[in-house]
Amino acid sequence: MLQRMAWSCVPSPSFSAARLGEVIALARISNHRNHVSGRLLFTGAHILEIVEGEARDLDELWSRVNSDTRHEDVIRLGDEPCGERWYPEWMIGYADDTQVCDDMEALRSAHPGHDSAWANTTRSIMRRADSM
Ligand SMILES: Cc1cc2nc3c(=O)[nH]c(=O)nc-3n(C[C@H](O)[C@H](O)[C@H](O)COP(=O)(O)O)c2cc1C
């Protein structure tokens with residue numbers, strides 16, 4: 001069954017832009033292999049990721065991401081079955097404007113699972129990001 005899931009995290013103090021590059025390069029390969037698509041957004045302060053794929057693949061991805069020490073305060077924002085993908089490919093975005101940062105803070109503090117509109121809120125934040 002096709003599933004959608006989103007999480008957000010704070011890069012750990014040792015996490016540099018170069019390390020983000022490492023994460024992205026490997027994640028791109030692994031996601032492609034597992035038919036996982038979506039968007040990863042970096043704001044400088046937070047990372048927001050939304051992914052779509054088979055439920056089993058997303059569960060495995062979540063357990064790897066959740067035990068990754070390169071980031072902190074990892075919050076699973078929500079997951080839901082989805083009939084079709086919003087994001088046919090996995091891509092990276094960047095945005096650091098005040099509106100995106102405020103929306104990200106609001107989404108993170110509504111956790112756990114209290115923002116029933118998490119998917120649409122995440123999608124609208126992603127819309128404001130520039131694709132890289
Ligand atoms: C912010 C962040 C986002 C990540 N996103 C993905 C992702 O989309 N797909 C993925 O396979 N790994 C992603 N990773 C990497 C995983 O946490 C993990 O290191 C990787 O899947 C390899 O796991 P393994 O060493 O247990 O095989 C991400 C890591 C971080 C810090």
Side-chain angles (χ1 to χ4, degrees):
M1 185 179 53
L2 200 57
Q3 194 89 3
R4 177 174 298 124
M5 166 175 86
W7 74 85
S8 168
C9 64
V10 176
S12 62
S14 63
F15 193 92
S16 61
R19 295 203 81 187
L20 180 63
E22 278 168 31
V23 167
I24 290 168
L26 289 174
R28 197 184 295 283
I29 295 167
S30 152
N31 290 348
H32 187 258
R33 189 176 50 230
N34 296 319
H35 310 286
V36 170
S37 55
R39 290 284 182 279
L40 183 150
L41 170 67
F42 182 53
T43 67
H46 296 112
I47 288 171
L48 175 66
E49 187 161 349
I50 184 164
V51 283
E52 296 164 343
E54 288 301 316
R56 189 192 55 242
D57 294 322
L58 296 194
D59 283 346
E60 283 174 12
L61 172 55
W62 170 249
S63 38
R64 295 200 308 272
V65 162
N66 198 29
S67 55
D68 195 319
T69 53
R70 292 172 293 186
H71 53 182
E72 298 170 349
D73 290 339
V74 189
I75 295 175
R76 184 162 168 162
L77 299 166
D79 52 85
E80 64 181 15
C82 61
E84 61 178 26
R85 293 178 195 249
W86 284 345
Y87 308 103
E89 290 169 63
W90 189 74
M91 291 175 71
I92 316 299
Y94 180 76
D96 68 351
D97 61 275
T98 314
Q99 187 66 54
V100 165
C101 293
D102 289 353
D103 288 355
M104 191 90 103
E105 283 296 342
L107 187 60
R108 286 174 58 81
S109 55
H111 173 78
H114 293 150
D115 183 357
S116 57
W118 66 268
N120 283 325
T121 309
T122 303
R123 192 183 197 188
S124 87
I125 293 174
M126 291 298 181
R127 277 209 185 103
R128 285 202 302 278
D130 294 326
S131 292
M132 290 163 61

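Please read all numbers here as calculations on a predicted model, not as lab measurements. We count ligands from 1, going down the list as the structure has it; atoms in each ligand are counted the same way.
- For R56, the side chain to side chain contact (heavy atoms under 4.5 Å, CB included) criterion is met by E60, not counting sequence neighbours.
- Evaluation of the salt bridge (Lys or Arg N to Asp or Glu O under 4.0 Å) test over residues 85-94, restricted to residues two or more places apart or in two chains, returns none.
- Scanning the protein for heavy atoms near atom 22 (C) of ligand 1, the closest one is R64 NE, 4.0 Å.
- Protein heavy atoms come within 4.0 Å of atom 11 (O) of ligand 1.
- Residue W7 has no nitrogen or oxygen atom sitting less than 3.5 Å from a nitrogen or oxygen atom of ligand 1, judged on distance alone.
- Regarding atom 31 (C) of ligand 1, its nearest protein heavy-atom neighbour is H71 ND1, 3.5 Å.
- When all heavy atoms are compared, the tightest approach of E54 to M1 is OE1-N, 2.8 Å.
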Apply side-chain contact (heavy atoms from CB on, under 4.5 Å) to S8 and L77, showing your working. CA-CA 7 Å; S8 168; L77 299 166; 4.1 Å; yes
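- Counting the atoms of ligand 1 from 1 in the order shown, those under 4.0 Å from a heavy atom of N31 are 7 (C), 8 (O), 9 (N), 10 (C), 11 (O).
- The V23 neighbourhood of ligand 1 comprises atoms 2 (C), 3 (C), 4 (C), 28 (C), 29 (C), 30 (C), with distances under 4.0 Å to a heavy atom of that residue.
- Residue L61 touches ligand 1 through its side chain alone, judged by heavy-atom distances below 4.0 Å.
- Atom numbering of ligand 1 starts at 1 in the shown order; those under 4.0 Å from a heavy atom of S30 are 10 (C), 11 (O).
- If you run side chain to side chain contact (heavy atoms under 4.5 Å, CB included) between W7 and each of N66, L61, I75, only L61 comes through.
- Nearest approach of P11 to I47, heavy atoms of both residues: CG-CD1, 4.2 Å.
- A 4.5 Å side-chain heavy-atom check between V74 and W62 finds at least one atom pair inside the cut-off.
- Judged by distance alone, with hydrogens and angles left aside, the side-chain atoms of E52 form no donor-acceptor pair with the main-chain N or O of L2 at under 3.5 Å.
- By the 4.0 Å heavy-atom criterion, V65 is counted among the residues contacting ligand 1.
- Among A27, S67, P11, the residue whose heavy atom lies closest to atom 6 (C) of ligand 1 is A27.
- In this structure, R123 forms a cation-pi arrangement with W86, its terminal cationic atom sitting closer than 6.0 Å to the ring centre and no more than 45° off the ring axis.
- Some N or O of D68 is nearer than 3.5 Å to an N or O of ligand 1, by distance alone.
- Here the protein heavy atom with the shortest distance to atom 4 (C) of ligand 1 is E49 OE1, 3.6 Å.
- Against a heavy-atom cut-off of under 4.0 Å, R70 is close to the following atoms of ligand 1: 15 (C), 19 (O).
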